[in-house]
Amino acid sequence: MQFSESLINWYSINKRSLPWRETKDPYSIWLSEIILQQTQVKQGLPYYEAFLSEFPTVFQLASADESKVLKLWQGLGYYSRARNLHAAAKYIVNELNGRFPSTYKELLTLKGVGDYTASAIASICFNESAAVVDGNVYRVLSRYYGIDIPINSSKGTKEFKTLAQELIDKKDPANFNQAIMEFGAVQCKPHSPDCTICPFKDSCEAFNKNLINQLPVKIKSAKAKKKYFNFLVFISGDGKTILEKREGKGIWQNLYQFPLMETEAEMDFDAFKRQIEAHEFAKDMPFELSLYNEKSVVHKLSHQHLYTKFWIVNVESLKTEGVSIEKVDQFAVPILIGNFIEAFSF
DNA sequence: AAATCGGGGCT
DNA sequence: AGCCCAGATTT
């Protein structure tokens with residue numbers, strides 16, 4: 001039996017039961033693929049259910065406000081996915097009359113849809129022989145064929161795509177693609193896979209040369225930089241606080257946060273009080289400062305470690321409009337802020 | 001080619 | 001602490 005055939009056979013026996021495997025509706029598949037980018041099934045599953053329930057078709061998604069889409073996405077991370085999902089939905093409804101793109105090439109024109117996602121939708125929904133190459137596929141192919149080209153080098157990206165495209169079962173691209181990914185997720189796991197029960201143990205290069213733990217090879221990324229975040233949690237006498245929308249570049253675009261003061265180092269109470277006394281907002285505005293967390297909350301992102309303190313600033317009244325405290329939980333916020341709001345409960 | 005963009009889970 | 005996850009986009 002050929003590699004592809006064995007793989008599909010393995011899949012038919014071992015595949016997990018997942019909601020997006022019960023449909024070929026391109027909108028549903030698209031939604032699942034965007035949610036699952038760099039996201040484990042367990043984490044993405046409740047979001048998939050929530051989105052499909054709130055927005056059953058691309059038309060409802062297109063009609064929604066972005067703020068609502070981001071609120072539903074809250075906690076999942078990589079928020080450009082939500083913004084691009086929404087923009088693409090509007091494009092499909094307004095420019096394509098709601099007709100979903102049906103080829104790899106057309107799918108690539110959607111915001112947030114790259115090589116992997118276009119291949120996934122084209123194969124699963126439209127039977128196109130476009131090979132997917134995700135983290136699972138890199139791992140399975142690099143081990144089975146003993147390929148040590150770094151998977152995140154430009155050469156590696158091309159080579160693995162070419163190899164996957166050669167292997168794909170053109171009679172059943174949908175099942176081949178899902179089979180190789182599922183095999184990577186369930187059997188050919190990153191850490192200590194049980195190779196003794198693997199159907200490919202006889203022909204797997206990495207297993208037979210004892211290279212399972214060396215493959216795949218990946219170029220290391222730079223270490224995360226430390227940042228020091230100080231959030232000002234205003235509380236006014238009439239029960240309001242301040243939330244600001246994050247604009248421009250950087251993390252958490254279009255999400256809300258308490259006014260942020262970033263510092264070069266961790267701030268203690270006296271130093272921070274002096275700093276904000278000198279700040280614009282404090283002019284003719286008496287305030288009482290207290291520190292919510294003496295120990296910084298460390299929020300770890302891929303490229304930043306955020307050392308965070310929440311400063312409670314009690315004032316009589318706000319200079320700006322502000323937000324009623326009971327409405328705070330209607331805003332989409334980073335989970336770092338959301339956790340604070342939940343714990344503090346005003 | 002390298003950096004950026006989240007958050008959770010696992011070792 | 002380091003690595004991975006049904007990657008895409010920008011620099």
Side-chain angles (χ1 to χ4, degrees), chain A residues 11 15-16 18-21 29-48 70 73-85 87-88 107-121 123-124 131-140 150-158 160-161 164 174 176-186 188-193 213 216-227 246 248-255 297-306 332-339:
Chain A
Y11 181 61
K15 68 175 174 182
R16 292 169 290 182
L18 295 168
W20 45 84
R21 291 188 174 151
I29 297 299
W30 169 57
L31 177 62
S32 75
E33 294 298 347
I34 301 296
I35 286 174
L36 291 172
Q37 287 170 4
Q38 293 294 286
T39 303
Q40 298 193 161
V41 166
K42 189 166 67 174
Q43 189 186 4
L45 194 45
Y47 288 85
Y48 175 79
L70 285 173
W73 199 271
Q74 179 176 310
L76 197 53
Y78 285 157
Y79 296 93
S80 65
R81 290 184 292 172
R83 298 190 301 270
N84 287 336
L85 183 81
L107 287 159
L108 273 181
T109 66
L110 299 177
K111 280 189 179 178
V113 174
D115 181 82
Y116 164 79
T117 305
S119 301
I121 301 171
S123 62
I124 294 171
V132 295
V133 185
D134 73 335
N136 294 305
V137 177
Y138 282 123
R139 188 169 54 256
V140 171
I151 61 173
N152 54 344
S153 64
S154 53
K155 185 179 178 187
T157 304
K158 285 181 205 158
F160 282 97
K161 176 75 181 183
F176 174 83
N177 276 343
Q178 293 179 86
I180 192 168
M181 290 190 284
E182 186 77 344
F183 181 76
V186 173
C188 196
K189 295 183 293 184
H191 195 260
S192 55
N213 295 326
V217 175
K218 195 171 183 180
I219 299 167
K220 308 237 185 283
S221 52
K223 282 214 294 187
K225 288 173 184 158
K226 292 183 180 181
K227 290 193 168 191
R246 288 185 65 97
K249 307 271 179 210
I251 58 174
W252 303 332
Q253 258 177 61
N254 297 1
L255 274 68
V297 173
V298 186
H299 187 66
K300 294 185 176 181
L301 309 179
S302 304
H303 290 79
Q304 303 175 24
H305 289 353
L306 308 178
V333 298
I335 206 63
L336 171 64
I337 305 287
N339 289 341

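- In this structure, A/N177 contributes its side chain and A/A120 its backbone to no donor-acceptor pair below 3.5 Å.
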Reading nucleotides 4-11 of chain B from the 5' end, what letters show protein touch, with B for base, S for backbone sugar-phosphate only, - for no heavy atom under 4.0 Å? BBBBB-SS
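- Taking atom CG of A/D115 as the reference point, atom C1' of C/dA8 lies 11 Å away to the nearest angstrom.
- Within 4.0 Å (heavy atoms only), A/S32 reaches no atom of the nucleic acid at all.
- Between the side chain of A/R16 and the base of C/dA6, no donor-acceptor pair of N or O atoms lies under 3.5 Å.
- Side-chain atoms of A/W73 and A/Y47, non-hydrogen and from C-beta on, never get closer than 4.5 Å to each other.
- Taking a 6.0 Å sphere around NZ of A/K111, one finds it holds 12 or fewer heavy atoms contributed by other residues, nucleotides or ligands.
- Residue A/W73 is classed as having no contact, given no heavy-atom separation below 4.0 Å to the nucleic acid.
- Looking at which nucleotide of DNA chain C each of A/R21 and A/N84 is closest to, the 5′-most match is held by A/R21.
- Counting non-hydrogen atoms under 4.0 angstrom, A/K220 reaches the backbone sugars and phosphates but no base.
- Here the side chain of A/R83 pairs a donor or acceptor atom with the backbone of A/Q253 at under 3.5 angstrom.
- Contact annotation for A/V113: backbone-only contact, meaning every heavy-atom pair under 4.0 Å involves sugar-phosphate atoms and none involves a base.
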